[in-house]
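The structure appears below as structure tokens.
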Amino acid sequence: MLSGLLLLLLGVAPSVLTSAVPRAAHSASDWAGSTTSAVWPPPEATNTGLSSYFPDASQVGYPGPTPTGDEAEAIQTAPPSDMESIYPLTDPKASGSESSGFDVIRYWGNLSPWYSVPSSTHGLPDASPEDPDGCSINQVHLLHRHGARYPTSGAGPASFAAKLHNTSTTTGFSASGPLKFLNTWTYKLGAELLTPFGREELFDLGVGFRVKYGDLLKGFTELPVFRTTSEERMVESALNFAAGFFGVQTYQTDYHQLIIIEEDGYNNTLAPWNACPNNNAENIGYYGDSLQEQWIEQYLTPTLKRVAPLIQGFNLTITDLYHMQQACAYETVALGFSDFCSVFTQEEWEGFNYANDLSFWYSTGPGNPTSAAIGLGWVGEMMARLTQTPIDGPFAEVNTTLTNNVTFPLNQPIYVDATHDTIISAIVATMNFTSLAAGGPLPVDHIPANRSWITTQVSPFASNLVGQVLSCPASNVSTHIRWILNDAVMPLTGLKGCQEDPNGLCELSAFIAGMQERMAEIDYDFDCFANYTVPTPDTIIDGRYPPALRNGTA
């Protein structure tokens with residue numbers, strides 16, 4: 001009786017606890033692998049009748065002194081500040097020893113939080129996001145990914161959890177050593193939505209962007225128009241960015257948020273795959289998946305031999321191991337910590353990272369024949385803004401309903417668009433950032449020593465691509481442009497007319513001409529609609545189906 005009363009005081013029903021006691025036949029609980037969730041606010045707390053007791057700040061009044069200061073322009077006045085923080089996440093550690101400087105969280109491919117990449121990675125050791133000496137910024141274009149999210153619906157970690165729970169409630173299993181946590185582990189991840197850390201990433205990105213480029217706000221004569229898509233995590237990312245950029249009390253009235261429908265049948269340059277059938281074809285758009293599977297089989301086979309003895313009564317497979325690695329990343333960015341992380345060694349995390357590189361290179365990056373076409377619509381919009389030339393007809397995935405001067409203004413000093421990881425990967429192929437493809441196609445049987453395509457550096461959570469339009473020397477007349485990907489200045493020598501420059505600068509007129517020529521090379525209709533298969537071997541490095549192979553394929 002006393003024990004039952006104690007359980008009730010603790011808020012636990014005795015019958016629930018009794019049913020969850022591990023059976024003698026195995027050490028795992030019968031709730032292991034089950035899915036748990038929570039809703040906030042609680043349904044009982046939705047009564048709005050009390051709202052009159054809690055007036056907002058404008059109703060209360062008495063704000064105290066409110067003089068404003070000048071806008072920040074740190075990108076022109078201060079040394080660069082690197083993104084290194086993952087607060088409040090726990091920095092995960094690999095199993096066994098780690099090399100000096102190894103950081104597990106930077107080996108999760110597109111599931112890693114963004115961090116500052118040095119420009120030396122792309123052959124520009126003396127370049128930084130800070131203005132080159134004597135230059136000033138007149139305009140900035142920002143394309144960013146949404147923040148950290150839960151797995152997509154039906155993703156691997158959920159499948160692993162279901163398999164584990166099915167075993168725990170039937171034959172039972174027993175886990176030991178680094179896998180002991182599985183005996184009582186439950187699946188706490190939702191699907192698709194932004195995590196609290198993901199909200200923080202975009203809020204911080206907005207704050208950082210205001211500190212760097214706030215001075216450009218002085219050039220607006222109308223409220224800015226920023227764009228995102230209709231997916232929940234996209235809208236929430238855009239709003240958190242705006243809250244960080246403008247401030248939480250005023251952001252809803254400081255700008256206009258354009259939300260473009262992301263769904264089949266709607267053109268959308270921020271989610272363009274729906275308009276390109278070949279990008280959705282299993283043997284073209286998902287070509288990288290088959291190559292990724294080959295690599296996963298290779299690098300995780302030794303892991304299976306090492307880890308399988310630690311769980312009895314459960315048929316552990318290589319696929320399970322890969323899903324466990326994914327769970328490490330997703331749990332960390334959602335819950336702050338994951339026991340899965342320390343199951344795997346540094347070498348196994350390097351293998352996981354490369355698996356993501358293979359998938360992105362061959363499915364949405366320079367190695368896929370639809371990638372340049374997928375990014376063409378946004379690049380066309382960027383060029384329209386850059387040249388202040390209206391888009392007057394159908395073009396790639398552009399939604400022409402929204403190209404009027406209200407929803408698509410051409411005179412903004414600051415442009416902000418939110419998109420997905422795969423689209424950033426495609427756009428850098430469209431723009432022919434050749435430093436990302438300098439290492440050539442990725443092999444499937446080993447990790448090349450000096451590969452140039454690393455997904456964590458291209459499209460991690462909150463990835464950001466910034467185009468700086470500058471005047472050199474400083475004036476009101478723009479003369480140059482350069483592009484910065486996750487704080488790394490990119491060489492623009494992949495465009496005709498853009499010369500080598502230690503700061504990544506290209507004369508604006510040369511960039512416009514070179515990009516127009518690059519866009520003309522991309523045959524959108526062919527790459528998206530023609531009847532072809534990916535060449536074998538796939539030696540594509542510019543995101544286009546090879547023109548020399550086109551005869552007889554249409």
Side-chain angles (χ1 to χ4, degrees), residues 139 141-143 222 224-230 234 256-280 285 369-412 414-420 422-424 426-432 465 467 469 478 481 495-497 508-532 542-545 547 550 554:
Q139 186 183 67
H141 300 251
L142 170 63
L143 177 72
E222 302 276 348
V225 174
F226 295 169
R227 304 189 306 168
T228 189
T229 83
S230 60
M234 296 293 295
H256 300 296
Q257 184 67 66
L258 180 65
I259 301 172
I260 308 173
I261 295 174
E262 180 175 341
E263 186 57 72
D264 288 344
Y266 292 88
N267 277 352
N268 185 340
T269 59
L270 304 176
W273 50 76
N274 292 320
C276 182
N278 281 343
N279 186 251
N280 293 309
T370 65
S371 293
I374 286 297
L376 186 61
W378 184 85
V379 172
E381 290 176 333
M382 178 271 294
M383 290 288 285
R385 292 163 164 174
L386 191 62
T387 61
Q388 296 192 8
T389 304
I391 298 174
D392 57 5
F395 177 72
E397 313 91 358
V398 172
N399 188 328
T400 54
T401 304
L402 300 174
T403 55
N404 59 78
N405 59 6
V406 175
T407 55
F408 191 71
L410 298 174
N411 60 346
Q412 295 190 169
I414 299 173
Y415 294 98
V416 180
D417 289 336
T419 189
H420 297 273
T422 53
I423 309 311
I424 292 178
I427 284 171
V428 297
T430 308
M431 298 181 72
N432 208 28
L465 175 65
V469 181
S478 298
I481 190 171
L495 296 178
K496 184 177 179 181
L508 186 57
S509 59
F511 175 85
I512 291 171
M515 189 59 73
Q516 288 172 337
E517 182 171 318
R518 167 63 177 166
M519 292 168 63
E521 293 175 351
I522 299 168
D523 190 336
Y524 181 87
D525 289 340
F526 184 95
D527 292 346
C528 281
F529 295 96
N531 180 22
Y532 63 80
D542 66 349
R544 301 164 52 215
Y545 190 83
R550 292 188 180 186

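Scope of the values below: all heavy atoms of this structure, side chains included, with no hydrogens, waters or symmetry mates. The first residue in the sequence is number 1, and the count goes up from there.
Remark: the backbone N or O of Glu521 is paired with a side-chain donor or acceptor of Arg544 at under 3.5 angstrom. Of the possible donor and acceptor atoms, none in the side chain of Gln139 sits under 3.5 Å from a partner among the backbone N and O of Leu386. Under a 3.5 Å cut-off, the side chain of Asn399 and the backbone N or O of Asn267 do form a donor-acceptor pair. A distance-only check finds no donor-acceptor pair linking the side chain of Asn432 to the backbone of Asp542 [under 3.5 Å]. Between the side chain of Ser230 and the main chain of Glu262, a donor-acceptor pair closer than 3.5 Å is present. Side chain of Glu397 to main chain of Gly377: a donor-acceptor pair is present (N/O by atom type, distance under 3.5 Å, no hydrogens or angles). One N or O on the side chain of Tyr415 and one on the backbone of Leu410 form a donor-acceptor pair closer than 3.5 Å. In this structure, Thr407 contributes its side chain and Leu402 its backbone to a donor-acceptor pair below 3.5 Å. For Arg518 (side chain) and Met431 (main-chain N/O), no donor-acceptor pair under 3.5 Å exists by modelled atom type.
Under 4.0 Å is where a charged nitrogen must lie from a carboxylate oxygen, and between Glu381 and Arg227 at least one such pair does.
In this structure, Tyr524 and Phe529 have perpendicular ring planes: the angle between them is above 60°, well past the 30° mark. The aromatic rings of Tyr532 and Tyr545 sit tilted, their planes meeting at an angle between 30° and 60°.
No more than 12 heavy-atom neighbours from other residues, nucleotides or ligands sit within 6.0 angstrom of CD on Glu222. Counting heavy-atom neighbours within 6.0 Å of Phe395 CZ, excluding the residue itself, gives a total above 12.
Across all their heavy atoms, Cys276 and Ile374 have their closest contact at CB-CD1, 3.6 Å. Among all heavy-atom pairs drawn from Phe226 and Gln257, the shortest one is O-NE2, 3.2 Å. In terms of heavy atoms, Ala418 sits closest to Thr228 at CB-OG1, 3.5 Å. Heavy-atom minimum distance, Leu495 versus Gly514: CD2-O, 3.9 Å. Across Asn278 and Thr370, no two heavy atoms sit closer than the pair CB-CG2, 3.8 Å. Between Leu270 and Ile423 the shortest heavy-atom distance is O-CG1, 3.8 Å.
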Are Asn280 and Trp273 close enough, and set up right, to give a side chain to side chain contact (heavy atoms under 4.5 Å, CB included), and what steps lead you there? CA-CA 7 Å; Asn280 293 309; Trp273 50 76; 4.2 Å; yes
Chi angles and distances behind the side chain to side chain contact (heavy atoms under 4.5 Å, CB included) call for Asn268, Asn274: CA-CA 8 Å; Asn268 185 340; Asn274 292 320; over 6 Å; no
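Here CG of Asp523 is found 4.5 Å from CZ of Arg550. Values are rounded to the nearest 0.5 Å. A distance of 7.5 Å separates OG1 in Thr422 from CG in Asn279, rounded to the nearest 0.5 Å. Here CG of Asn411 is found 11.5 Å from CZ of Arg385. Values are rounded to the nearest 0.5 Å.
The shortest distance between side-chain heavy atoms of Ile424 and Thr419 falls below 4.5 Å. Annotation: side chain of Trp378 is in contact with side chain of Asp417 (closest heavy-atom distance under 4.5 Å).
Partner Lys496 forms a side-chain contact (heavy atoms from CB on, under 4.5 Å) with one of Gln516, Glu517, Met515 and no other, that one being Glu517.
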